[in-house]
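Each remark here refers to the structure printed beneath this line.
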Amino acid sequence: MAPTLPAFDYRRVPVADGVALNVAVGGSGSPVVLLHGFPQTHLMWRHVAADLAADHTVICPDLRGYGDSDKPVDTDGTAYAKRTMAADVVALARALGHDRFALAGHDRGALVAIRAGLDHPDAVTRLASLDVLPTLDMWDVLHGTSAAVGFHLYLMAQPPGLPEQLISASPDVFFGHFLDIWSRDRDAMPDEIRAAYLTACRAAVPSIVADYRASAGVDVEHDRIDRDAGHRLTMPVSVLQQDWGSALGFDAAALWRTWAPDLRHTTVSCGHFMAEEAPAEVSRAVRDLVGR
């Protein structure tokens, strides 16, 4: 059997025409929605979700295109726009009875969370971002040979066809590469969890590529429009991030402040998969954010 979050209830919730999300719900209290990253599923939150469920209703979906959620074909380049995926999250929370909620996202899920905060400020009361920059800034800080660290961004930005074929030829090697190089504590990701991630990604190559392709196209345009218009994240924001700034030559906190005036920015010492490598630190940050 595939791993699940113990003591959480599972259901499929329609969020858009022809799209339902697989979601685990547990606990009681004020709602907190947790969005996973790449190349993972909602299972990455297993420790944090269990901790937060003592005081909150915790909602852990698989994003559209990932895990056991639906994977619509991207016919016009917008099916995996972060705007579309953010609307899924708001619709999910409302379907579960929550018009307002705190939102935390890691990696791809953080990009969805940022867009939700910009598009739906009346719904998102607090926002936590784990280990990303907003999409527009992410592309701007990649220069020269140092950009090789993000080779997958450029690969999956290519027109439909080639990326899907290359990745599908050896999906476990491709996705497993990131599980290995982005982790500093291999024991934090047990074999059964790693296997669940690889199984899920193997079945989702086209939609995962479409998600990344959107971040080289429509997502950039949406961010640029917001930045030019002076739109900001109006809710309290907490960012936990590895020290990518020193590695790539930018001030991460300064970039974030242009988007989030009410910001707490923390540099962490763990690897990218911080909800698994340092769950107590992540849980504490989310609790502190909700209390602000």
Are the side chain of [X] and the backbone of [Y] linked by a donor-acceptor contact shorter than 3.5 Å?
| X | Y | value |
| --- | --- | --- |
| Arg292 | Asp262 | yes |
| Ser28 | Thr57 | no |
| Thr266 | Leu240 | no |
| Thr4 | Pro6 | no |
| Asp185 | Gly271 | no |
| Asp62 | His42 | yes |
| Arg232 | Thr258 | yes |
| Glu221 | Gly217 | no |
| Arg83 | Asp219 | no |
| Asp107 | Phe38 | yes |

Open item on the list: Tell me whether Leu111 shares a hydrophobic cluster with Leu289, the cluster being built from Ile, Leu, Val, Met, Phe, Trp, Tyr side chains joined at under 4.5 Å.
Closed with: no
- [ ] Following the transitive rule for hydrophobic clusters with a side-chain heavy-atom cut-off under 4.5 Å over Ile, Leu, Val, Met, Phe, Trp and Tyr, establish whether Trp139 and Ile225 coincide in one cluster.
- [x]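 No, because Trp139 and Ile225 fall into different hydrophobic clusters, even though each may have its own neighbours under 4.5 Å.
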Side-chain contact, heavy-atom cut-off 4.5 Å: [X] with [Y]?
| X | Y | result |
| --- | --- | --- |
| Met274 | Glu281 | no |
| Leu5 | Val58 | no |
| His222 | Arg115 | yes |
| Trp259 | Asp137 | yes |
| Arg202 | Phe175 | no |
| Arg227 | Pro134 | no |
| His265 | Val237 | no |
| Tyr80 | Leu63 | no |

How long is the span from the [atom1] atom in [X] to the [atom2] atom in [Y], to the nearest 0.5 Å?
| X | Y | atom1 | atom2 | value |
| --- | --- | --- | --- | --- |
| Leu133 | Leu255 | CG | CG | 6.0 Å |
| Glu164 | Leu155 | CD | CG | 9.0 Å |
| Leu52 | Cys60 | CG | SG | 8.5 Å |
| Asp226 | Leu136 | CG | CG | 10.0 Å |
| His106 | Gln40 | NE2 | CD | 6.0 Å |

Open item on the list: As a quick check of understanding, evaluate salt bridge (charged side-chain N to carboxylate O under 4.0 Å, His left out) for Asp172 and Arg194, giving each step before the final call.
Closed with: CA-CA 10 Å; Asp172 286 6; Arg194 178 189 172 92; over 6 Å; no
Open item on the list: Tell me the closest heavy-atom pair linking Trp256 and Val132, and the distance in Å.
Closed with: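 Heavy atoms only, the tightest pair is NE1-O, 3.2 Å.
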Task: Shortest non-hydrogen contact between Val25 and Arg11, atoms and distance - done: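 Looking at all heavy atoms of both residues, the closest pair is CB-NH2, 4.0 Å.
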Distance-only donor-acceptor hits, side chain of residues 89-103, under 3.5 Å, sequence neighbours excluded:
unit_1: Arg100; atom_1: NH1; unit_2: Asp122; atom_2: O; d: 2.9

Open item on the list: Checking Val149 against Trp244 for the side chain to side chain contact (heavy atoms under 4.5 Å, CB included) test, could you report, in this order, the C-alpha distance in whole Å, the side-chain angles of both residues, the deciding distance, and whether it holds?
Closed with: CA-CA 11 Å; Val149 70; Trp244 288 108; 4.0 Å; yes
Open item on the list: Cation-pi check for Phe8 against Arg46: NZ or CZ below 6.0 Å from the six-membered ring centre and within 45 degrees of the axis, yes or no?
Closed with: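 No, Arg46 does not sit over the ring of Phe8.
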Task: Criterion side chain to side chain contact (heavy atoms under 4.5 Å, CB included) on Asp211 and Lys82, from CA distance to verdict - done: CA-CA 8 Å; Asp211 169 29; Lys82 302 309 153 296; 2.9 Å; yes
Open item on the list: Between Arg287 and Asp55, does any side-chain N to carboxylate O distance fall below 4.0 Å?
Closed with: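 Counted as a salt bridge, because a side-chain N and a carboxylate O are separated by less than 4.0 Å.
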Open item on the list: Under the criterion side chain to side chain contact (heavy atoms under 4.5 Å, CB included), I'd like the reasoning laid out for Ser215 against Arg108: C-alpha separation, chi angles, the key distance, then a yes or no.
Closed with: CA-CA 10 Å; Ser215 286; Arg108 309 306 293 173; 2.8 Å; yes
- [ ] Please indicate whether Asp76 has more than 12 foreign heavy atoms, meaning atoms of other residues, nucleotides or ligands, lying under 6.0 Å from its CG.
- [x]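 It does: Asp76 CG has more than 12 such atoms within range.
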TODO: Evaluate whether atom CH2 of Trp182 has more than 12 neighbouring non-hydrogen atoms of other residues, nucleotides or ligands under 6.0 angstrom away.
DONE: yes
TODO: Look at the rings of Phe178 and Phe174 and say which category their plane angle falls in: under 30° parallel, 30 to 60° tilted, over 60° perpendicular.
DONE: perpendicular
- [ ] Decide side chain to side chain contact (heavy atoms under 4.5 Å, CB included) for Arg64 and Asp70; before the verdict, give the C-alpha distance in whole Å, the side-chain angles of both, and the deciding distance to 0.1 Å.
- [x] CA-CA 6 Å; Arg64 74 156 61 194; Asp70 287 341; over 6 Å; no
Task: Given Leu162, Ile208, Val209, the one that forms side-chain contact (heavy atoms from CB on, under 4.5 Å) with Ile167 - done: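 Per the side-chain contact (heavy atoms from CB on, under 4.5 Å) rule, the option paired with Ile167 is Val209, out of Leu162, Ile208, Val209.
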- [ ] For side chain to side chain donor-acceptor pair (under 3.5 Å), just list the numbers for Arg184 and Ser269, CA-CA rounded to whole Å, side-chain angles, deciding distance to a tenth of an Å, and then say yes or no.
- [x] CA-CA 9 Å; Arg184 294 185 185 176; Ser269 58; 5.9 Å; no
